[in-house]
Every structure is written in structure tokens, then in C-alpha cells.
Amino acid sequence: MTTLNKAQQQAVNTLEGPVLIVAGAGSGKTKVITYRILNLIRKGVSPSNILAITFTNKAAKEMRDRIENLLTEDVSLNLPISIRERPFVSTFHALGVHIIRENAAILGLTKHFTIFDRSDSRRAIKQAMQECSIDPKQFDPGTILNMISRAKGDNISRLEYFDATKSYMEELAAQIWEKYEIILTKEKALDFDDLLSETVALLAKNEPLRKHYQNIWKYIHVDEYQDTNKVQYVITKLLAGTHKNICVVGDVDQNIYSWRGATIENILNFEKDYPETAIIALEKNYRSTKTILAAANSVIEKNLLRKKKTLYTDNIDGEKIGLNASYTELDEARNIADTARDLIEKGIPPRNIAVLYRANFQSRAIEEAFIKKNIPYQLVGVRFFERKEIKDVLSYIRAALNRESWGDVGRIINVPARGIGKATVAKIMSERPELLPPTMKIKIDGFWKLLDDIQLEIRQKKPSEVVKFVIKETGMEQLLMSGDAEDEERLLNIRELVTVAAQYDEEKQSPTLRSDFVFPGIEKFLENAALASDQDDLVKDRDAVKLMTVHASKGLEFDQVFIAGLEQDLFPFKHLDDAGISSAEAEEERRLFYVALTRARNKVHLSHTLIRTVYGAQRVNTPSEFISDIGQDLIEEQAPPEKPTGAKALFIDF
């Protein structure tokens, strides 16, 4: 184990009792966990007595592979352990499945119980709503499902939730939850959250069962402990039992998933839960340059909710952090694309370059710039024009222009929900409307009237105004505004579509086109959107620049990292309801920026715009406070372009 540094060696050798490893970004935490497991086996611990839990299947597989390699390559180990006896390495949910399957009869299940995925759960929630005489068109089943899911993640039972309801929506959710449970029971199924909550119930209520698993897994490891929610915390505490041989690895400064239920208190209070805790800090970074780490340290040290540590490295000082102030998001995207192209021409593989942003809607301008510059890119997630909400808006416009476009009609006739089913659509498409009952004819007539209204807007208004009309009059805006955080992201995306359409507001009729092309702006808008959608599917892990949100970049690293949109109210992010940002939210935004910085090995490029078009309107921006947190000696500012690209004169009345 001579390849371990002093702190890593200490973590690997501290085998008994509770251990908290505070592992900074790029500090080799996976290496420490795997070598610690190897050391336990060297000391005589049976591999079957060791449990390691992480968060993703990919991380679990990587850990299993590393452990397997260490065990097979270590000549000092006695051969009997090679009889396929290995530590149990899995995600939390896989662990839950394992325990539940072994004890399925206690829960009234078979070992082959069904696991509901998200779509199964939505279908069951909708059925439960109907049984409660609650209109799924009035209350989104997805929102109800998220409320129930969050409660389960907080280790709150249905009865506890019912007793604590404070609002009408919570009362509805509690009522629906009861019916939802009945459906799950009837179908001998558990949903994704039940895999954890039912595991807690088994361990907490059945002492012999709990002791059985405590005796099996006498040494427990939990990776990314800062990302655990309450129910995951309880599982680890129950399994640790009286032996308390629990080693958790995490970094408060990388806690960025509170919106998923992750509880930062779990890692902050670990010593209170386990007073005998040995605390070991891994502060040596093997990834980034001294300049990048200095910037990251200066940013994160402003947070109060953290365990103090300072990353350092033996790597070179490296280049200064680039800072580019652009006039508009189009200029920003063009500058990023130009710089990325220059880097690629200098020999940096595209796959070693990443562009990070706070919100998904920012990808649109960046994608367009990369397409124009013919730079290969891979969007981690769904491309802008392929997102469902974007395609829905475009389908409304296409259907308004062409009633025989049945693909578009079928897509949006029940979006938002109007109570028009597939059978009804089939009757309409077969041109047999006489088979429809009177109430359904009224709904269908209302839909055709909506398309007529959209067509009238197309004839009279600019493309950006048409998109605004569709968003509002179809009910999509109202639906998404009343939804959850994912719906807020969708709302931001369709509002970004207004900005896209505004580029075609002044489109003039081409003399080469036939005279019946009377809507040149909207036609060009639809044409370009269709061409962007027809791009070949992205090939996984191809040699291309990666575009993604900062959240999606967690756990990844790149030679060159661009962080776009560093403006107040965008990064740090301010929600659409105009409410102020809380201190907890502010600290999480700072942690998110810290994560973005520490993805880079060699160079970070920061950018912000003076003007950003949001929902079709130009907004004057203030640079993000995060920029000023970085010492000026670490930053190399680049001059903005002489004049903005595609921006009109902006007059500000103070």
C-alpha cells in the first residue's frame, strides 16, 4: 500500500469503530475504500462480513471491479477467499431489494414481487385519484407522486403524513396515498421508494432479523454520505447496531442534492451519532492545478455549514482562470465554441472538454453555436428541441397550420389533459366523429377552436408572440407553474423557446418562395427546429465536447471546463416565484459552483453576459457574486467583443 499518502494510509488502517473520512474532490476516496476493504480481509475479516454502499450502479460496479482486482492480485492472501466469497457492494436500492426478497413473506410478498418504475407509479397514482373522485386533469399525478416520494424519503409513514397535513394539497396527497398503497398491495408490488422504507420497517420492527443482518455485515462502508436522505441514514444506523464498525466517506462541500431529499445534517452530525468517531481528512487533491484549487478553496470557505478543510496539491500552478464577459448569450455561446475549437486544434481531445451550466435551457444557444462551428458535442441529457415540452409547443403550431398532421394532433390533443383518450383520437382520425358522444364532441370542438385561434395568431403576430400565446392559451404554463421543481425546469425551457422564436420576428418573405408561404418567420422557425431535432442520436462516450448541467457533472472530471451563465439570479439561481433565496439555498448554490470548479484538471473558463434574453425579453445582468469570491490574482480577464451579436440597442430608464 505504498501508493497511499499519509492520510489515506490512516484511513485504510483505522478498522474498528466509527470512522468519518472527509474526502475532498479528487482526493482518491474510492481508492481508500477499496484498499480499506482489502486491509480488513488481510486482517482476517471474512469478505461476506463486509458491506459497501454507494449511490449509482456505475459507481458500485467500479468499486466491485477494483476490489476484485485487488483481491486477485494480492499474493499475501490465502487462497480460500478466492472461492467467490466477496464483499457485498451495491446501491442503497439494490441492498433494499436483497433484504426484502429474503424476507418477502413477512411483507406479504413473493420473492418475485414487482418493482414499479416511475411510469407504473404515475399510472397507479392516477388510478388512485380516480378512486378518490379527484380529477387528474386538475391535480397533476406527478406532483402528488413527488409529495409521497419525498415523505417516504424523509422516513415518514402514510399515517404520520396524514396526521401532520397542513394544507389542502397535503390532505389530497394523504388521501391518494391510502388508495395507492392498496393498489400496490393488490399487485404485489413496491415502488422505488418502498425499497428503502420497507427495508427500514423490516429492520426496525423485527429485532431477530435486525441482529441477523448486523451479524452478517460487521463492517459497513457508505460512499457519498453527504448525499444520503433520512431513510438511508436510518438503514445504515440500524445495520451498524452495537458493533458500530461504520466508515462513511463524504464531503459536505459537495452536498448539492437537497431538492432530492439529501440531508446535509447526516454528515455534519455523524460524531454526535457516534461519539467514538475517528475523523480523517483527505485534503490532497490529485486532479486539479494549484490555481484551480486556490479558487475553489476561496469560494467554499465562505460557507458556514461545513467541516473545515483546505485542498492542496503537488500539481503545477497551471493556467489562470479565464473570465469572459459577453454581451448576449449568443456571444457567450460563440466565444465558448471558438475557444473549444482552438483547444481541439491544439490537440486536446473533445471528450476532455466540458461546458457546464446551471439550468438546462442554457444549452440551446451553446448547441447552436457548436453546430455552426461543426464542433462534435454530446449533450448529457435530452437535447433542447427533443425535450417533450418543446416538442409539444412546436406540435401545436404545426397542427394549427396543417390539420392533417395527425402525428402532431395525436401528440397534443390531450396535452394538457382534456379527457380525450386514444380511442377518441382513433375515431377522429378515421373521420367518424358521429360515433362520439355529445360531451366528447364538445371537447373536440374546443380543441379545434384552439388550433383556429393559434392559426389566427400566426397570421397576425410575430413568431415569439405566437409561442407566448401557445404557452398560455393551451394551459401548459399554468400546469407547469403549479408543479414541482422538474416542472419549473420545463417552464424555463418553453420560455426559452420564446427567445429562440424571437430570432425570426423580423424574417422577411423571400422572393424565391411561392406566394402562399405567408408566414416566413414562423416557417423558418419551424424549419430550423426540425433540422436541429433531426441530428443523429448522440453516441455514448463518443469523442465529443460534453454539455451538461453542473448537477450532472458530479463525479466527472475534464481537462478543460467552461462554466457558463455566471450571473446573479441564474448562478446562484433564483426561483421563478421571485421569493428571496434562503441562507441554506445560498450555501447549496455555492457548493454547486465549488463542484463545477473542481471538475477541471487543467483550466477553468468562466463566462457571463451583460444582457440575457429570458422569456423573449432582454434582461440586464449583474455578474455572479461567485466571481468576486475568487482572488483577482487567479483570474485572467478577456476583453469583450467590440459590439454585440444579434442584440438591439437597449435603453435603460433609471
Side-chain angles (χ1 to χ4, degrees), residues 92-206 209-210 229-232 234-235 238 260-261 414 416-419 421-423 479 482-484 486-487:
F92 271 103
H93 289 89
L95 174 66
V97 171
H98 175 81
I99 293 174
I100 291 169
R101 287 207 193 282
E102 287 194 338
N103 303 278
I106 299 175
L107 297 172
L109 298 167
T110 69
K111 289 187 177 182
H112 306 291
F113 65 88
T114 300
I115 300 173
F116 272 14
D117 62 17
R118 184 76 177 178
S119 61
D120 292 326
S121 293
R122 282 181 65 94
R123 183 259 307 165
I125 288 288
K126 188 174 181 179
Q127 181 182 336
M129 293 174 73
Q130 292 167 341
E131 292 179 8
C132 293
S133 299
I134 298 170
D135 189 354
K137 297 187 287 291
Q138 184 177 3
F139 300 98
D140 178 35
T143 299
I144 300 295
L145 179 58
N146 287 339
M147 294 172 71
I148 295 172
S149 176
R150 183 61 181 266
K152 290 181 179 180
D154 287 340
N155 200 32
I156 297 171
S157 70
R158 179 180 60 81
L159 293 177
E160 290 170 334
Y161 187 84
F162 179 81
D163 291 338
T165 54
K166 297 178 181 178
S167 68
Y168 178 63
M169 279 296 292
E170 289 178 349
E171 291 176 3
L172 281 181
Q175 184 182 354
I176 295 164
W177 190 347
E178 182 178 11
K179 295 290 185 182
Y180 178 54
E181 272 193 0
I182 293 172
I183 295 169
L184 285 164
T185 302
K186 183 179 179 180
E187 299 191 25
K188 300 289 185 184
L190 297 177
D191 69 15
F192 206 58
D193 301 296
D194 290 331
L195 299 178
L196 301 183
S197 60
E198 293 296 340
T199 299
V200 166
L202 282 170
L203 296 173
K205 297 175 182 178
N206 191 319
L209 189 69
R210 182 170 67 252
N229 61 18
K230 290 182 180 178
V231 72
Q232 291 162 338
V234 174
I235 289 173
L238 288 170
R260 288 183 183 171
N414 208 36
R418 299 182 178 89
K422 293 181 179 179
L479 176 67
S482 60
D484 56 15
E486 291 180 358
D487 284 333

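The figures that follow rest on heavy atoms only: side chains count, while hydrogens, waters and symmetry mates do not.
Side-chain contact check for D140 versus M129: every heavy-atom pair is 4.5 Å or farther apart. The shortest side-chain heavy-atom distance between M169 and I144 falls under the 4.5 Å cut-off.
Within the structure, salt bridge (Lys or Arg N to Asp or Glu O under 4.0 Å) pairs that include any residue of residues 152-171 comprise R150-D154, K152-D191, K152-D194, R158-E181 (at least two apart or interchain). Judged as a ring pair (Phe, Tyr, Trp, His ring centres under 6.0 Å), the pairs with a partner in residues 154-175 (not counting sequence neighbours) are, in order, Y161-W177.
Between P136 and P141, the shortest heavy-atom distance links the atoms O-CD, 3.7 Å. Scanning all heavy atoms of the two residues, the minimum distance from A173 to M147 falls at CB-CE, 4.0 Å. Contact record, K137 with G419: CD-N, 3.3 Å, taken as the closest heavy-atom pair. Closest of all the heavy-atom pairs between R210 and A204 is NH1-O, 3.2 Å. Closest approach of T199 and G96 over heavy atoms only: OG1-CA, 3.2 Å.
The distance from the CG atom of L203 to the CG atom of N103 is 8.5 Å, given to the nearest 0.5 Å. Within the model, atoms NZ of K179 and CD of Q127 stand 10.5 Å from one another, a figure rounded to the nearest 0.5 Å. Distance check: I148 CD1 to I176 CD1 gives 6.5 Å after rounding to the nearest 0.5 Å. With rounding to the nearest 0.5 angstrom, the CG atom of N155 is 10.0 Å from the CG atom of L196.
Listed by chain and residue number, I100, L109, E198, L202 satisfy the side chain to side chain contact (heavy atoms under 4.5 Å, CB included) test with L107 (two or more places apart in sequence, or in another chain).
Within 6.0 Å of the CZ atom in F139, the count of heavy atoms belonging to other residues, nucleotides or ligands exceeds 12.
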